[in-house]
Amino acid sequence: MKYTAIAAFAAALLGCAPMSAQAADLPTAKAPIFVAAAPSPWMVRVRGLAVLPQESTRSVVVGGVPLTDKISVSDTVIPELDISYFFTPNFAAELVLGTTPHNLTIKGPVTNHLALGRVWLLPPTLTLQYHFTQFGAFKPYVGAGVNYTVFYGEKSKSAFTSLDVKDQFGFALQAGMDYMLDQHWGLNIDVKKLWLRPDAKAVLGGSVPVKAKVSLDPWLVGVGVTYRF
């Protein structure tokens, strides 16, 4: 009986061995590996933008006679859209789109305070930016680029007619920051300086030509919302 029990126990062990080997050959389940998706290279911002001309009059000539009078250009606040594309995490290009209305006034001892007219500016600006990425959610940037301002919708006032302001190339400098609330949404503050030196002309009293050279050099100060796709 003793040997019979030992033999039965040994047979049972040998019978289980193939099953253990088969179990060892089965593939083991692995924990899933999650890889964070790379951020999209596209970013858009919507801002409220204050356009603040820092005008200085280079010359005003009426009927061939130079005057000491100056041209004043009004401030304005508008909605603005910009689109950015990131070539790398640090380098991006930004295109700013918006249009602004401005009132033009001649002030001085000859004209006193005479409304010249109203004009719209379409100043698309393209800048190349460097973004600092070492400050976490706080992402400051600086940029430089070019601007081409289209003056349109001129409307003369007072005794002036035929107001015309020439389109103008200019340069732009930029500084700003995004504060990212999550992967997509953030808050933005942006400041740009443009250098614009357009020429303007009009007719006074139906026959007297008026020519002016003005340095607008506006500050563009914007506050808005950022979305990174």
Side-chain angles (χ1 to χ4, degrees), residues 45-83 94-127 143-174 190-224:
R45 300 184 186 91
V46 177
R47 303 187 185 104
L49 185 70
V51 181
L52 311 173
Q54 306 297 301
E55 72 275 10
S56 61
T57 304
R58 292 177 287 161
S59 68
V60 175
V61 179
V62 178
V65 179
L67 304 182
T68 58
D69 298 47
K70 306 297 182 182
I71 293 181
S72 174
V73 183
S74 64
D75 300 337
T76 190
V77 178
I78 60 161
E80 175 258 343
L81 171 70
D82 81 64
I83 303 170
E94 179 191 78
L95 178 63
V96 178
L97 301 172
T99 185
T100 66
H102 296 272
N103 293 315
L104 310 179
T105 305
I106 299 181
K107 300 178 180 180
V110 176
T111 57
N112 189 16
H113 191 289
L114 191 60
L116 174 58
R118 184 178 176 88
V119 62
W120 284 78
L121 279 66
L122 178 64
T125 304
L126 180 65
T127 58
V146 294
N147 161 270
Y148 184 75
T149 297
V150 177
F151 296 88
Y152 70 98
E154 294 99 328
K155 184 177 180 180
S156 306
K157 294 184 179 180
S158 303
F160 294 97
T161 58
S162 305
L163 175 63
D164 180 47
V165 184
K166 297 298 183 184
D167 300 344
Q168 181 71 38
F169 274 105
F171 295 100
L173 291 179
Q174 176 185 35
D190 186 270
V191 178
K192 295 183 184 70
K193 177 68 171 180
L194 305 183
W195 281 266
L196 297 176
R197 309 291 171 89
D199 294 340
K201 62 181 181 179
V203 176
L204 176 62
S207 60
V208 180
V210 178
K211 295 182 180 180
K213 297 179 181 292
V214 183
S215 298
L216 293 180
D217 300 345
W219 287 96
L220 278 60
V221 181
V223 178

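Worth saying up front: this structure is predicted, and the values here are computed from it rather than measured.
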Give a yes or no answer on whether the side chain of [X] reaches the backbone of [Y] with a donor-acceptor pair at less than 3.5 Å.
X: Thr99; Y: Leu121; value: yes
X: Gln168; Y: Lys166; value: no
X: Thr76; Y: His102; value: no
X: Glu154; Y: Val165; value: yes
X: Asp167; Y: Phe151; value: yes
X: Thr57; Y: Ile71; value: yes
X: Asp217; Y: Leu196; value: yes
X: Thr149; Y: Asn147; value: no

inquiry  = Salt bridge check, Glu55 against Lys107: does any charged N sit closer than 4.0 Å to a carboxylate O?
reply    = no
ask   = Is Asp190 salt-bridged to Lys192, going by a charged N under 4.0 Å from an acidic O?
value =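 Result for this pair is yes, salt bridge flagged.
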Looking only at heavy atoms, which two atoms of [X] and [Y] are closest? And how far apart?
X: Val60; Y: Ala212; value: CG2-CB, 4.2 Å
X: Arg197; Y: Arg58; value: O-NH2, 3.3 Å
X: Ala115; Y: Ser158; value: O-OG, 3.0 Å
X: Ser156; Y: Ser162; value: OG-N, 3.3 Å
X: Leu163; Y: Gly117; value: CD2-CA, 4.0 Å

query = Should Pro123 and Val96 count as side-chain neighbours, where that means a heavy-atom distance under 4.5 Å?
reply = no
query = Quick one: are Tyr148 and Leu126 in side-chain contact, heavy atoms under 4.5 Å?
reply =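 They are not in side-chain contact.
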Separation between [atom1] of [X] and [atom2] of [Y], rounded to the nearest 0.5 Å:
X: Leu122; Y: Leu97; atom1: CG; atom2: CG; answer: 8.0 Å
X: Leu104; Y: Phe160; atom1: CG; atom2: CZ; answer: 10.5 Å
X: Arg45; Y: Glu94; atom1: CZ; atom2: CD; answer: 5.0 Å
X: Leu81; Y: Leu49; atom1: CG; atom2: CG; answer: 11.5 Å
X: Leu173; Y: Trp219; atom1: CG; atom2: CH2; answer: 8.5 Å
X: Asp199; Y: Asp164; atom1: CG; atom2: CG; answer: 10.0 Å

message = So, using side-chain hydrogen bond (donor to acceptor under 3.5 Å, both in side chains) as the criterion, who are the partners of Asp75 when residues are at least two apart?
response = none
note = Sorted by chain and residue number, the side-chain hydrogen bond (donor to acceptor under 3.5 Å, both in side chains) partners of Arg118 (sequence neighbours excluded) come out as Asn103
message = Which residue in the set Val221, Val223, Leu220, Asp82 passes side chain to side chain contact (heavy atoms under 4.5 Å, CB included) when paired with Arg47?
response =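 Checked Val221, Val223, Leu220, Asp82 against Arg47; only one passes side chain to side chain contact (heavy atoms under 4.5 Å, CB included): Asp82.
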task = Could you give me the CA-CA distance, side-chain angles and deciding distance for Val191 and Lys193, then say whether side chain to side chain contact (heavy atoms under 4.5 Å, CB included) is met?
result = CA-CA 7 Å; Val191 178; Lys193 177 68 171 180; over 6 Å; no
message = Would you say NZ of Lys211 has more than 12 non-hydrogen atoms from neighbouring residues, nucleotides or ligands within 6.0 angstrom?
response = no
query = So with a 6.0 Å cut-off around OH of Tyr152, is the heavy-atom count from everything else above 12?
reply =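 More than 12 within 6.0 Å, yes.
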